[in-house]
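What follows is a single structure, written as structure tokens, with notes after it.
What you see is a predicted model; the values in this text were computed from it and never measured. Computed over heavy atoms, backbone and side chain alike; hydrogens, waters and symmetry mates excluded.
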Amino acid sequence: MDKSESIKNLAIALSKAQSEMSGAVKAANNPFFKSKYADLGEVIKAIKEPFANHGLSYVQFPIEDNGRVGVETILMHDSGEFLSNLFTVALTKQDAQGAGSAITYCRRYALQAVAGIPSEDDDGNAAVKQIKSSGFKFDDVAKSWVDAAKADITVLDQLEDKNYRAFIEGYL
């Protein structure tokens, strides 16, 4: 990590901005894992106004390092103070599309990290939830309950099995 000699003003501004930020909305679908995630646009939307309100901005530059690609993210304050760090990943697909996907992935996670936006590992959480839920599986019936509960939380009152209700609530 690189930083300016002092980050006092930046730290104060970031703290104030974080008090105004909520988590990024998980609106994008990952068909491979059948989960939702907060895409880069949602991350930017979550930080844009709070950053602007407190003199914060950022830039992200695509980088390559020994076959790995990623970004350098620089968090800046209007005082001139800054924090900077690199985040790279190995490419799984060795072409422009693979590089673009990896860069977008790095931008999203680096920005979430520097802004302190909470994120969830949907795939990991889903696996843990299934293990902790007395053997329930996230099948079509469970998905129907989750969808219905997202539209009207009171539908969960119809579930008599408290363990199954807790399992469904874990996906909300």
Side-chain angles (χ1 to χ4, degrees), residues 1-129 146-147 149-153 169-172:
M1 180 173 78
D2 192 18
K3 62 182 180 149
S4 54
E5 189 173 316
S6 169
I7 60 166
K8 178 183 175 187
N9 296 312
L10 185 150
I12 291 168
L14 184 58
S15 176
K16 289 178 182 177
Q18 286 173 334
S19 73
E20 296 175 11
M21 285 188 266
S22 60
V25 175
K26 290 190 256 179
N29 289 310
N30 181 337
F32 185 73
F33 289 110
K34 296 181 178 149
S35 62
K36 288 191 170 282
Y37 68 97
D39 66 11
L40 180 60
E42 291 296 332
V43 173
I44 292 170
K45 189 191 308 185
I47 69 167
K48 191 172 189 166
E49 189 173 330
F51 268 33
N53 291 344
H54 299 285
L56 296 167
S57 61
Y58 71 93
V59 292
Q60 293 182 300
F61 298 99
I63 60 170
E64 183 275 332
D65 183 29
N66 292 323
R68 296 172 62 89
V69 298
V71 295
E72 176 179 13
T73 301
I74 305 171
L75 175 64
M76 301 168 289
H77 184 255
D78 59 15
S79 66
E81 296 173 349
F82 72 93
L83 295 170
S84 173
N85 205 12
L86 306 177
F87 177 42
T88 63
V89 295
L91 288 177
T92 55
K93 190 174 177 189
Q94 300 292 323
D95 61 11
Q97 183 179 1
S101 294
I103 289 167
T104 299
Y105 177 90
C106 290
R107 287 188 65 202
R108 177 168 47 108
Y109 279 102
L111 194 52
Q112 280 183 281
V114 76
I117 295 175
S119 65
E120 292 184 15
D121 174 4
D122 285 341
D123 307 322
N125 285 346
V128 169
K129 286 173 192 165
V146 169
D147 292 342
K150 285 181 179 178
D152 179 7
I153 193 70
E169 287 175 336
Y171 286 92
L172 298 179

With a 3.5 Å distance limit and no angle check, can you tell me whether S101 reaches the backbone of G98 through a side-chain donor-acceptor pair? no

Any V43 side-chain heavy atom under 4.5 Å of I117 side chain: yes

What are the two closest heavy atoms between C106 and G70, and how far apart are they? SG-CA, 3.7 Å

T104 side chain to G100 backbone, donor-acceptor under 3.5 Å: yes

Measure the spacing between OG of S57 and CD1 of I47 and express it to the nearest 0.5 Å. 9.5 Å

Closest heavy-atom contact between E64 and N66? OE2-N, 3.2 Å

Here the pair of heavy atoms bringing F82 nearest to I74 is CB-CG2, 4.2 Å

Return yes when atom CD of Q97 has more than 12 non-hydrogen atoms of other residues, nucleotides or ligands closer than 6.0 Å, and no otherwise. no

Spell out, as yes or no, whether a donor-acceptor pair under 3.5 Å connects the side chain of E81 to the backbone of S4. no

Output the distance between atom CG (L10) and atom NZ (K3), rounded to the nearest 0.5 Å. 10.5 Å

Are there more than 12 heavy atoms of other residues, nucleotides or ligands under 6.0 Å from atom CD of E49? no

Donor-acceptor pair, side chain of T73 and main chain of L111, under 3.5 angstrom: no

Which heavy-atom pair separates T88 from R68 by the least distance, and what is that distance? O-NH2, 2.8 Å

Got L14 and L75 here, is their nearest side-chain heavy-atom distance under 4.5 Å? yes

Between the side chains of N53 and E20, is a donor N or O closer than 3.5 angstrom to an acceptor N or O? yes

Backbone N/O of D39 and side chain of R108: donor-acceptor pair under 3.5 Å: no

Out of V89, I63, V71, which residue meets the side-chain contact (heavy atoms from CB on, under 4.5 Å) rule with I103? V71

Does the side chain of M1 come within less than 4.5 Å of S84's, by heavy atoms? no

Does H54 reach the main-chain N or O of L56 with its side chain, forming a donor-acceptor pair under 3.5 Å? no

With the side chain counted from C-beta on, respond yes when F51 and M21 share a heavy-atom pair under 4.5 Å apart, and no when they do not. yes

For residues L40 and Y105, determine if any side-chain heavy atom of one lies less than 4.5 Å from a side-chain heavy atom of the other. no

